[in-house]
Amino acid sequence: MSFPLLTATAVLPAAGAILTAAVPAARRTVAKWLALLFSLGTLALAAIVLVRFEPGGDRYQLTESHSWIKDFGVRYELGVDGIGVALIALTALLIPFVIMAGWNDADPLETQSKRWRPTQGFFALILMVEAMVILSFEATDVFLFYIFFEAMLIPMYFLIGGFGDRAHAGTDEAAATQRSYAAVKFLLYNLVGGLIMLAAVIGLYVVAGTFSLSEIAEMRAAGTLEMSTNVERLLFLGFFFAFAVKAPLWPLHTWLPNAMGEATTPVAVLITAVVDKVGTFAMLRFCLQLFPEASKWATPVVLVLALVSIVYGALLAVGQRDIKRLIAYASISHFGFIILGIFAMTSQGQSGATLYMVNHGLSTAALMLVAGFLISRRGSRLIADYGGVQKVAPVLAGTFLIGGLATLSLPGLAPFVSEFLVLVGVFAAYPVVGIIATTGIVLAALYVLVLYQRTMTGPVKAEVSGMPDLKARELAVAVPLIVLLIGLGVHPKPLTDIVNPAITHTMQDVNKQDPKPEVEAAK
């Protein structure tokens with residue numbers, strides 16, 4: 001039996017979570033280093049997965065399959081395609097930065113008991129989320145995917161509700177109430193979506209007699225899958241609803257600004273750069289592959305919802321006074337672009353959407369983490385409390401600017417390639433939709449540049465006059481992300497080479513071909 005590499009990428013952070021949680025209360029520093037080492041070990045395994053994956057090979061590679069719940073046809077089946085490999089690499093890459101950025105965020109306060117172990121719990125929960133997310137990207141059994149899709153809600157709930165942002169009096173009763181509200185809202189929204197999906201998962205089993213993606217694909221290819229049009233549409237809606245909540249797609253998005261605003265900055269990054277990607281990934285892997293005709297049937301409505309997300313999220317970002325909530329609404333707009341690319345049903349759109357998942361994770365992590373360093377120095381999330389920061393902390397201001405420019409998809413930075421491909425794919429199939437979507441680009445330039453102008457330029461406010469610049473640990477977080485944003489912006493081919501074969505398979509699933517450009521004959 002070959003080494004179960006995919007299982008190891010999830011077991012390692014899970015084991016790290018258990019060991020980190022078991023560290024004695026007085027050994028907080030040991031818990032931090034232990035969590036960091038396990039996250040780096042997971043990154044090393046993810047790199048091996050990336051190296052061993054052959055873009056031109058089988059659709060699902062490094063597969064593992066074992067009988068689990070035999071009476072119900074549930075199997076422990078794992079496998080990765082190019083999309084899964086890219087997102088596993090993104091997850092494993094970001095977690096060490098999340099841990100380093102939150103190095104001191106969960107240290108107990110002076111008023112707390114010395115026996116209280118928030119630091120150990122904080123980092124253990126982060127590692128547990130990493131394990132759940134990676135397994136979600138690897139699962140090729142629908143029921144197995146559902147288990148981890150829902151299980152990741154538990155550690156996320158405690159991360160949001162138990163470890164709040166200390167930048168706005170996070171220890172008082174009012175702030176604790178806000179954190180609880182945000183955590184419960186996050187949990188309820190996602191649980192409702194999950195319960196609806198569970199009904200659809202059961203319905204799929206009744207129709208197909210199996211949860212295995214490969215078996216269902218074989219049945220569909222052989223013409224032995226008996227699924228009526230109405231049943232397929234109902235099952236599609238059950239899956240899509242859960243993924244739209246996780247994504248988050250308007251109007252199911254309202255939990256995100258609350259969760260990101262009340263959580264610590266590293267947890268906010270974990271939400272939008274890692275956990276939410278499971279929703280858009282699942283649209284590609286499950287909605288389009290399992291329900292191709294229903295996906296095409298729903299495309300007009302999904303495109304409209306994606307357009308609303310793009311414009312609505314960007315407009316609300318423009319009007320925000322809170323730095324973290326601005327980034328949250330910007331992410332809603334960006335997820336609209338991702339979903340737009342997926343349901344454009346063109347190879348350029350879906351390739352751009354997949355790249356957008358990766359590049360949005362990098363750009364949002366860079367911007368949000370540097371914003372967190374800024375907020376921790378001033379103790380406020382309000383934009384109006386800043387001014388002239390670039391004169392006293394130029395490195396902080398410079399990294400903040402690059403993260404912001406990546407967010408608005410400046411040419412030369414990684415998100416530009418993604419957004420360009422999405423718009424090319426959308427324009428080829430739906431020109432009017434593409435024209436409306438471009439308004440999101442204009443609004444992104446507005447909210448990012450206004451944010452930078454109000455916080456970093458102008459007269460130096462007295463409250464920021466003594467603000468220190470980025471320290472070594474903070475530079476170790478920001479600089480690699482910026483290097484990746486520039487590198488993938490200049491040379492995205494290594495990523496597209498991994499992703500494009502999987503996109504070809506998805507286009508075959510939905511029986512779609514790219515529209516041919518109409519060229520007038522030369523007169």
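Counting from 1, the numbers follow the sequence of the chain as shown.
The existence of a salt bridge linking E474 and K471 is excluded, since no basic side-chain nitrogen approaches an acidic carboxylate oxygen closer than 4.0 Å. By the 4.0 Å N-to-carboxylate-O rule, R220 lies too far from D509 to be salt-bridged with it.
Of the possible polar contacts, none joining the T272 side chain to the A268 backbone as a donor-acceptor pair under 3.5 Å is found. With E130 contributing its side chain and I95 its backbone, the two residues share no donor-acceptor pair below 3.5 Å. Side-chain atoms of R473 come within 3.5 Å of backbone atoms of M100 as a donor-acceptor pair (strictly under, hydrogens ignored). Side-chain atoms of S376 come within 3.5 Å of backbone atoms of F373 as a donor-acceptor pair (strictly under, hydrogens ignored).
Within the structure, ring-ring contact (aromatic ring centres under 6.0 Å, His included) pairs that include any residue of residues 271-291 comprise F137-F281, F145-F286, F239-F291 (at least two apart or interchain). Sorted by first and then second residue, the salt bridge (Lys or Arg N to Asp or Glu O under 4.0 Å) pairs involving residues 486-498 (not counting sequence neighbours) are K493-D497.
Looking at heavy atoms from C-beta onward, L256 lies in side-chain contact with D276 at the 4.5 angstrom threshold.
Between E77 and S65, the side chains place a donor N or O and an acceptor N or O closer than 3.5 Å (distance only, hydrogens not considered). Side-chain contact of T280 with Y356: a donor-acceptor pair under 3.5 Å is absent, judged by distance alone. Side-chain polar atoms of T506 and Q350 form no donor-acceptor pair below 3.5 angstrom.
A ring pair (Phe, Tyr, Trp, His ring centres under 6.0 Å) with F243 holds for exactly one of F335, F149, Y146; it is F149.
F236 is linked by a ring-ring contact (aromatic ring centres under 6.0 Å, His included) to F240, counting only residues two or more places apart in sequence or in another chain.
Atom CZ of F158 has 12 or fewer heavy atoms from other residues, nucleotides or ligands within 6.0 Å.
Between H360 and H334, the ring planes lie perpendicular to each other; the angle is over 60°, past the 30° to 60° tilted range. Note: W103 and W33 have perpendicular aromatic rings, judged against thresholds of 30 and 60 degrees for the angle between ring planes.
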